[in-house]
Amino acid sequence: METWAPMSIENSNLRVRFAPSPTGALHIGGARTALYNWLAARHGEGTFVLRIEDTDLERSTPENVAQILDALRWLELDWDEGPYSQVGRAEEHAAALQKLLDSGAAYRDSATADDVKAWKAEHGADRGYRGTPSADGSGAIRLRVPDEGDTVVDDLIRGEVRFPNRSYDDFVIARGDGSVLYNFAVAVDDADMGITEVIRGDDHLSNTPKQLLVFEALGIEPPRYGHVPLLHGPDGKKLSKRHGAASVQELRDAGYLPAAIRNYVALLGWGPGDDETLLSTDELVARFRPEDVGTSSAVFDEKKLRWMNGRYMREMPIDEYTEAVRVFVEAETAGRPLNEERFSFGCEIVQEKAQTLQEVWPLIRFLFEPPVQDEKAWRKVMKGDAARALTEVEAALIELPDGGEGPNGDGFTIDSVQSAVEPLPEKLGLGPGKVFQPIRVAITGTTISPGIFESVAALGREETLARIESASSRLRDAVETDSE
RNA sequence: GGCCCCGUGGUGUAACGGUUAGCACGCCAGGUUUUCAACCUGGAAGCGCGGGUUCGACUCCCGCCGGGGCUACCA
């Protein structure tokens with residue numbers, strides 16, 4: 001028994017392709033396949049070709065094509081050639097088809113699906129259908145498949161996989177009207193486009209012998225294949241549009257960064273070999289080799305993506321990060337202009353906290369809108385010494401000199417606010433939470449916010465004092481009501 | 001049913017004949033502490049099962065079980 005040694009494609013001048021079928025949005029699994037191809041190409045002097053497998057006229061739509069291209073661009077997976085449309089290559093397909101018909105490698109067969117079923121019932125389940133050329137030249141076009149021998153896929157990732165020819169049908173390569181089918185079109189296109197390595201999902205492994213058979217019939221040297229394991233949903237089932245299969249646009253809308261997605265998705269089935277987890281795209285390009293991709297299916301785990309995304313957000317240059325957040329904020333504010341100083345300051349003070357871009361706005365919206373009404377938070381915090389604490393806080397804050405510094409140009413900076421407020425708990429003989437939480441609820445309406453000094457500095461003198469006064473007032477009213 | 005692929009903690013992975021089975025996310029506990037998050041420390045948690053081969057198997061072989069893919073005049 002020989003051991004199969006993977007041949008490195010390290011420095012070869014390869015041509016790879018990503019060939020999605022536009023029957024839906026690009027989801028995380030497709031994105032990973034695209035990424036692997038892209039990485040393989042960028043790793044060397046390779047060429048990344050994009051081809052749209054749109055021969056299924058029933059389900060392919062221009063909208064889906066646009067969405068897929070949009071997703072790839074957003075992920076920054078740029079292609080060097082294409083996008084080619086498979087249906088746009090009808091002439092080439094027809095020529096190849098005619099060649100096979102002429103050579104006798106393919107033939108017209110008038111058998112219907114029912115005929116084939118009946119034939120199989122008679123010949124056994126492990127026996128592929130073998131037809132006979134129709135006398136009148138009608139019917140679908142089938143490829144002749146030999147009964148003997150195996151078709152061997154020398155897979156980059158899995159090694160040799162043998163498929164007995166007799167288990168394959170003389171499969172249909174073109175409909176009666178001459179329109180070609182997937183397994184034929186793919187082979188012709190990969191041949192014409194000079195594809196050297198086909199990196200694609202595991203679901204195609206069983207199709208590969210068919211495509212190899214087409215190459216053989218055409219007398220063309222086939223590319224090398226590498227089948228990456230499928231991604232499964234949390235339920236262990238194949239990832240699809242139905243369940244858990246986050247589309248790329250959904251991930252974008254959820255506030256994930258392209259770089260984080262690339263990093264995370266690359267690690268689904270592939271590892272750099274050491275214990276590194278955070279890998280920049282440059283590092284991925286440098287270290288990725290398709291032959292190192294694993295063989296078992298993986299499950300998409302959004303928790304880890306979130307963590308990783310948070311890491312990327314914290315490492316982003318502040319300006320870049322702020323601009324990335326802006327898109328999400330605009331979606332929330334419907335174009336209402338925001339105070340720029342406050343906005344960028346707000347972004348800055350939550351950069352360490354948020355794990356997705358989407359999480360930023362909820363944390364800073366109090367800077368642009370009245371406090372939210374969170375009665376539960378109010379009841380929990382605004383009791384006991386809260387009123388006394390707020391009175392002291394207000395007094396301390398009023399004393400702060402207005403030197404013009406700070407995000408609002410009113411003397412409120414993180415440092416100045418801190419110097420004014422931090423000593424209060426001790427002075428009042430209260431725990432820090434007894435002082436700071438009431439401030440938080442007073443200015444934001446809830447118990448979740450950025451750091452309290454940061455929040456007050458961001459809100460600024462006028463608005464902070466107004467909100468504290470408003471809260472104090474409500475507390476006084478409550479006391480009067482109680483004493484009645 | 002047939003053909004094929006896969007099987008290390010909840011998840012992603014490392015080790016590939018000899019390690020206390022490593023790392024990361026998550027989880028739990030503690031720390032920091034003004035909330036949440038982040039951050040720090042610690043912890044629980046794994047080689048699907050059964051046979052072989054071997055002085056020795058997560059690692060090699062076989063069977064079983066489990067999961068998945070394909071089996072269209074879909075891609």
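Lettering follows sequence order; numbering is per chain, from 1. Just the heavy atoms: all of them, side chains too, but no hydrogens, waters or symmetry mates, feed the values below.
Listed by chain and number, the residues in a salt bridge (Lys or Arg N to Asp or Glu O under 4.0 Å) with A:Arg162 are A:Asp150, A:Glu160 (sequence neighbours excluded). Legend: residues meeting side-chain hydrogen bond (donor to acceptor under 3.5 Å, both in side chains) with A:Asn309, ordered by chain and number and at least two apart, are absent. Residues meeting the salt bridge (Lys or Arg N to Asp or Glu O under 4.0 Å) test with A:Glu392, sequence neighbours left out: A:Lys427. Applying the side-chain hydrogen bond (donor to acceptor under 3.5 Å, both in side chains) criterion to A:Thr356, with sequence neighbours excluded, gives no partner residue. Annotation: salt bridge (Lys or Arg N to Asp or Glu O under 4.0 Å) contacts of A:Asp385 (sequence neighbours excluded): A:Arg388. For the salt bridge (Lys or Arg N to Asp or Glu O under 4.0 Å) test, no residue two or more places apart in sequence or in another chain qualifies with A:Glu454.
Taking the six-membered ring for Trp and the full ring otherwise, A:Phe288 and A:Trp270 have centroids separated by under 6.0 Å.
We find that CD of A:Gln351 is positioned 21 Å from P of B:C36, with the value rounded to whole Å. Separating the CG atom of A:Asp170 from the C1' atom of B:A72 is a distance of 15 Å, rounded to the nearest angstrom. The distance between atom CG of A:Leu305 and atom P of B:A24, rounded to the nearest whole Å, is 18 Å. A:Asp202 places its CG atom 11 Å from the P atom of B:G7, with the value rounded to the nearest Å. Between the CZ atom of A:Arg200 and the P atom of B:C70 there is a distance of 13 Å, given to the nearest Å. Regarding A:Asp177, its CG atom lies at a distance of 13 Å from the P atom of B:C73, rounded to whole Å.
Side-chain to base pairing of A:Asp203 with B:A75: no donor and acceptor N or O lie closer than 3.5 Å to each other.
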Please produce a list of atom pairs where a protein N or O lies less than 3.5 Å from an N or O of nucleotides 37-45 of chain B.
from	atom 1	to	atom 2	distance (Å)
B:A37	O2'	A:Lys353	O	2.5
B:A38	O3'	A:Arg314	NH1	3.1
B:C39	OP1	A:Arg314	NH1	3.4

Polar-atom pairs under 3.5 Å, protein N or O versus N or O of nucleotides 28-32 of chain B: list them with distances, or write none.
none

Could you list all N or O pairs between the protein and nucleotides 11-13 of chain B that sit under 3.5 Å apart?
from	atom 1	to	atom 2	distance (Å)
B:G12	OP1	A:Val299	N	2.9
B:G12	O2'	A:Leu267	O	2.8
B:U13	OP1	A:Gly269	N	2.5

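A:Ala111 comes within 4.0 angstrom of a base, heavy atoms only. Among the heavy atoms of the strands, none lies under 4.0 Å from A:Pro229. Looking at heavy-atom distances under 4.0 Å, A:Thr55 makes contact with sugar-phosphate atoms alone, never a base.
Across residues 416-425 of chain A, not one residue has a non-hydrogen atom less than 4.0 Å from an atom of RNA chain B. Remark: A:Pro450, A:Gly451, A:Ile452, A:Phe453 in residues 450-457 of chain A come within less than 4.0 Å of RNA chain B through at least one heavy atom.
In summary, of the residues considered (A:Arg144, A:Arg142, A:Arg175), a salt bridge (charged side-chain N to carboxylate O under 4.0 Å, His left out) with A:Asp109 occurs for A:Arg142 alone. When A:Arg51, A:Arg224, A:Arg89 are each tested for a salt bridge (charged side-chain N to carboxylate O under 4.0 Å, His left out) with A:Asp190, only one passes: A:Arg51.
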| Pairing annotation in dot-bracket form, given for RNA chain B with Watson-Crick or G-U pairs under 3.5 Å and | for cross-strand partners | (((((((..((((....[...)))).(((((.......)))))....(((((..]....))))))))))))....
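A salt bridge does not link A:Asp292 with A:Arg287: every distance from a Lys NZ or Arg NE/NH1/NH2 to an Asp or Glu carboxylate oxygen is 4.0 Å or more.
A distance-only check finds a donor-acceptor pair linking the side chain of A:Arg158 to the backbone of A:His227 [under 3.5 Å].
Where A:Gly139 and A:Asp292 meet RNA chain B, the nucleotide closest to each residue was compared, and A:Asp292 sits on the side nearer the 5' end.
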